[in-house]
Each structure stands twice: as C-alpha cells, then as structure tokens.
Amino acid sequence: AEGNLMKVVNMLSPEEILCSTQQVIAGLEALRGENRSLLESLQGVMENHPAPQSGSVEQEKSSIICQSLERIELGLSEAQVMMALSAHLGSLEAEKQKLRAQVRRLCQENQWLRDELASAQQRLQEREQDMVTLEEQNRHLQFMLSIRKYDQEEPQLDDKNTSSNKESLDDLFPAEDEEQSQMSQPHHSSAAAAAQQGGYEIPARLRTLHNLVIQYASQGRYEVAVPLCKQALEDLEKSSGHIHPDVATMLNILALVYRDQNKYKEAANLLNDALTIREKTLGMDHPAVAATLNNLAVLYGKRGKYKEAEPLCKRALEIREKVLGTDHPDVAKQLNNLALLCQNQGKYQEVELYYERALHIYQSKLGPDDANVAKTKNNLASCYLKQGKYRQAESLYKEILTRAHEKEFGSVEGMKQ
C-alpha cells in the first residue's frame, strides 16, 4: 500500500499534492473535533456514573479516543510541515526562476558587450590602416613640397628625356603578342615640336609625381598611388582651377592607374575630361591633344571597341602630321597604332598601307638598323600571312634575318633571297 501511495504521489503535480494536503488537514481537523466531543461526553458520563464496570468500559473508550487524538495531532503536524515545505519550495522555485532570468539577461548583455568589443576592434584596425595610409601619403606630399621650390631652378630637360617622360603617358597600347609589342616603344621628338610652337611643358614636379605613381602601381600598391594622384589633382585645381594643362596632365596620370586596375570606365571619363581641357587651353592641334586622343584610342582598343578607337587614332595621326610633318618617327608610331586597330577589324588593305608607310619613315629617318624597322617588317609580314600572301611574308622575314645576321656576324655571301 505504501508503495502504491508513493507511485500516486510521484504521479501528482506539486499543486495537486498541495491541494490534497489541504483537504487532509481539513479532514483531520474535523475528525479531531469529533474525537474531542466524544472524549468530553465520555468524561461527563464517567463523572456522573462512577460504577466500576461502566467506568472501565468508558475508560477504555476514552483511552482509544486519546490515542486517536494523538495520531490526529501527529498527522496535522506532518501536514503543516508539508505545507511549510511546499511554501518554502515555492519560494525557492520563484527565486530560481528569478535567478535564471537574471542569468539570461546577463548572457544577453555579455553577448552584446562581445559584439561591441568586436566592432570596436574592427574599427580600431580600420583606423590604424587609414593612419598608416595617411602617413604614407603625408610623407610623399611633403617630399613633393620639398622639390616644388626647385621647379624654377631646375634646367629644362633635353628633347630626349622630355619626350621619354611625356611618351610614357601616351604609348599605352597593349603588348599582347609580337605584333603589338612595338607600341610601347617611345620616340623623342613630340616635346621638341611642342616647344618650338611655344607649347605646354610638363612641370618637373608632375614628372616626379608620375614616376612615384608608376612605381607604386607597378608594385600593386594602388591604395597609395590613387590617393596620391587625387590629392595632387585637388591641390592643382585649388591653385590653378580645373581648366588648366597641369590638371589635364594629372588626369592622364590617374587614368593610367585606373587602366592598370582594369577600371576602364573611370579611366575613359578622366581622359575625356583631359582632352576637353587640353583642347581649350592648348588648341585643337597641339601634340598633347594628340597624345590624349591616342590614350583614348588605346583604352577603347583594350576593351575591344576598335571601331570607336579608329577615328580617335586617325585624328591623332592628322595632328601629328600637321605639327611634326608627314615623315616624322612619331607619325610612324601613330601609323602603327592605327594599323593595329584596323587589323583587329580585318581591314588588311589599310593595314598594309599604314605599315608600309611607317616602315618607309623608320628606314629613312632612323636608318635600316633601327629596332622599329625590324618590328614593323615583322608586323607587316604577319599581316601578309593572315591574308595568305606567303611570298611577300617570306621575303620580309628573310630581310629581317639577313639584316640581323649581318649586324651580328658581318655580310652574308651567297645567301639566297
């Protein structure tokens, strides 16, 4: 029975146990009241009838009732203890729930603080990186300021050096195969022609800045090269205004950095802006305008927009012919660029004319041993091959090989042509 009672108790919820205990207390109190009434009645009878026999029976009944009362009192005491324990357990459970709520809140606060700490650490790292970049920019800007005072004192570079710096901004055509590799070779007379016309000369500080930018770009450090260009451009615009040749030169430099990052749209926008400025400040037929036109044509060529690039390249050719003459090496260089654009469109007859004319200029002005002669012959021979003109191509290749052999080992006797 005891085991069955324990099973029943285990199956009951705390509320059901508490309710049952209260019912038991009420029943025990009622039973205690009845037993007390019986005991009082027996005691009254015993007092009124002191007969030995009746007294002994009533005493026995009274003894039984007293024992029952003791058990009832014990049951009530235990029930009260259970009620007290239940109340205590209830308060403990409430305290436990309160503590759990506090723990949950503390966990949430702790997670929030961790997130805040992680965010603060990330912001700190970003600020540290920004600080390093700004310090690097500041060092180079201070260097630029330190050399600015030498601008007026620095002697003008000769035609060769000036042209080399200038043309490094102009000749951008991609050397993706042997036909195109010649496009990156500079010549040395555009700046001289511009000087003869009283034209624009790139300041020494911009040449120095260009060298720094090219160095950083070649190392892939665009996070330094781009802010350096933008800061210099902002300084130039503040001091000279937007419509100024120096601003156009700076736009060209920044466009080259964007081009190296394959940001062709941004580069094209900058070059168009530079073209507008140079046309307004230097005139429509200035060599610097031709240089910017060539840069735009190269940029379009890189994107495969050969039809859009061709008129730009032709206009650059017309300017250089007008300013430098029709037999100038820079004109030959522009003819090579134009030939390459036409070749990518399959216009082989025009390609032949442009290469043949460029070859004639190089041979007459630079001599038969100039590297551009062999490169142009090689390009023309490649054009012949693509059209199936194998004899013409073979003849050119033999000329190239024979000339190379003669330069290296002397005249070749009896070599078949």
Legend entry - Sidechain-backbone polar pair: Asn35 side chain, Leu31 backbone, donor-acceptor under 3.5 Å: yes
Legend entry - Any residue meeting side chain to side chain donor-acceptor pair (under 3.5 Å) with Asp130, in chain and number order, not counting sequence neighbours: Arg127
Legend entry - Residues in side chain to side chain donor-acceptor pair (under 3.5 Å) contact with Glu356, at least two apart in sequence or another chain: Tyr384
Legend entry - Contact check, side chains of Leu251 and Leu271, non-hydrogen atoms, under 4.5 Å: no
Legend entry - Tyr390 side chain near Leu385 side chain, heavy-atom distance below 4.5 Å: yes
Legend entry - For Arg105, all residues meeting salt bridge (Lys or Arg N to Asp or Glu O under 4.0 Å), sequence neighbours excluded: Glu109
Legend entry - For Asp369, side chain to side chain donor-acceptor pair (under 3.5 Å) partners two or more places apart: Arg403
Inset, instruction - Would you check if Leu401 and Lys398 make a side-chain contact, meaning some heavy-atom pair closer than 4.5 Å? - result: no
Inset, instruction - For the residue pair Asn372 and Asn336, establish whether any side-chain heavy-atom pair is separated by less than 4.5 Å. - result: no
Inset, instruction - With sequence neighbours excluded, give me every salt bridge (Lys or Arg N to Asp or Glu O under 4.0 Å) pair touching residues 87-96. - result: none
Legend entry - NZ on Lys333 to OH on Tyr362, rounded to 0.5 Å: 8.0 Å
Legend entry - salt bridge (Lys or Arg N to Asp or Glu O under 4.0 Å) pairs, two or more places apart, involving residues 18-35: Arg32-Glu73
Inset, instruction - Using side chain to side chain donor-acceptor pair (under 3.5 Å) as the criterion, list what pairs up with Arg303, not counting sequence neighbours. - result: none
Inset, instruction - Kindly indicate whether the side chain of Thr281, heavy atoms from C-beta on, has any atom under 4.5 Å from the side chain of His286. - result: no
Can you give the donor-acceptor pairs under 3.5 Å from side chains of residues 221-231 to other protein atoms, not counting sequence neighbours?
{"residue": "Gln231", "atom": "NE2", "partner": "Asp235", "partner atom": "OD1", "Å": "3.1"}

Inset, instruction - Answer yes or no: is there a side-chain heavy-atom contact under 4.5 Å between Leu209 and Met250? - result: yes
Inset, instruction - Could you tell me whether the side chain of Leu236 reaches within less than 4.5 Å of the side chain of His244, counting heavy atoms only? - result: no
Legend entry - Between CG on residue Asn272 and CG on residue Leu293, distance to nearest 0.5 Å: 9.5 Å
Legend entry - Check against salt bridge (Lys or Arg N to Asp or Glu O under 4.0 Å), Lys322 and Glu318: CA-CA 6 Å; Lys322 184 176 181 179; Glu318 291 172 0; over 6 Å; no
Inset, instruction - Give a yes or no on whether a salt bridge exists between Arg320 and Asp330, defined as a side-chain N under 4.0 angstrom from a carboxylate O. - result: no
Legend entry - Heavy-atom side-chain contact between Asp246 and Leu206 under 4.5 Å: yes
Inset, instruction - Ignoring hydrogens and angles, tell me if any N or O in the side chain of Ser382 forms a donor-acceptor pair with the backbone of Asn378 under 3.5 Å. - result: no
Inset, instruction - Answer with yes or no whether the side chains of Gln387 and Glu352 bring together a donor and an acceptor at under 3.5 Å. - result: yes
Inset, instruction - Report the C-alpha separation of Asn252 and His210 in whole Å, then their side-chain angles, then the decisive distance to 0.1 Å, and conclude whether the side chain to side chain donor-acceptor pair (under 3.5 Å) test is met. - result: CA-CA 10 Å; Asn252 269 277; His210 169 250; over 6 Å; no
Inset, instruction - Kindly write out the residues that satisfy salt bridge (Lys or Arg N to Asp or Glu O under 4.0 Å) with Lys314, not counting sequence neighbours, or none if the list is empty. - result: Glu310
Inset, instruction - Measure from the side-chain N and O atoms of Arg207 to the backbone N and O of Ile202, and report whether any donor-acceptor pair falls under 3.5 Å. - result: yes
Inset, instruction - Could you tell me whether a side-chain N or O of Asn110 sits under 3.5 Å from a main-chain N or O of Leu106, the two making a donor and an acceptor? - result: no
Inset, instruction - List the steps, then state whether side chain to side chain contact (heavy atoms under 4.5 Å, CB included) holds for His328 with Lys365. - result: CA-CA 7 Å; His328 194 278; Lys365 292 298 181 180; over 6 Å; no
Legend entry - Pairing residues for Glu234 by the salt bridge (Lys or Arg N to Asp or Glu O under 4.0 Å) criterion, not counting sequence neighbours: Lys238
Legend entry - Interatomic distance, Leu275 atom CG to Lys280 atom NZ [nearest 0.5 angstrom]: 11.0 Å
Inset, instruction - Would you name the heavy atoms of Ala267 and Ala255 that are closest together and state the gap between them? - result: CB-O, 3.5 Å
Legend entry - Residue list, salt bridge (Lys or Arg N to Asp or Glu O under 4.0 Å) with Asp260, at least two apart or on another chain: none
Report all side-chain donor-acceptor pairs from residues 113-121 shorter than 3.5 Å, counting only partners two or more places apart or in another chain.
{"residue": "Asp115", "atom": "OD1", "partner": "Gln111", "partner atom": "NE2", "Å": "3.2"}
{"residue": "Ser119", "atom": "OG", "partner": "Arg123", "partner atom": "NH1", "Å": "2.6"}

Inset, instruction - May I ask you to decide if Met82's main-chain N or O and Ser86's side chain share a donor-acceptor pair within less than 3.5 Å? - result: no
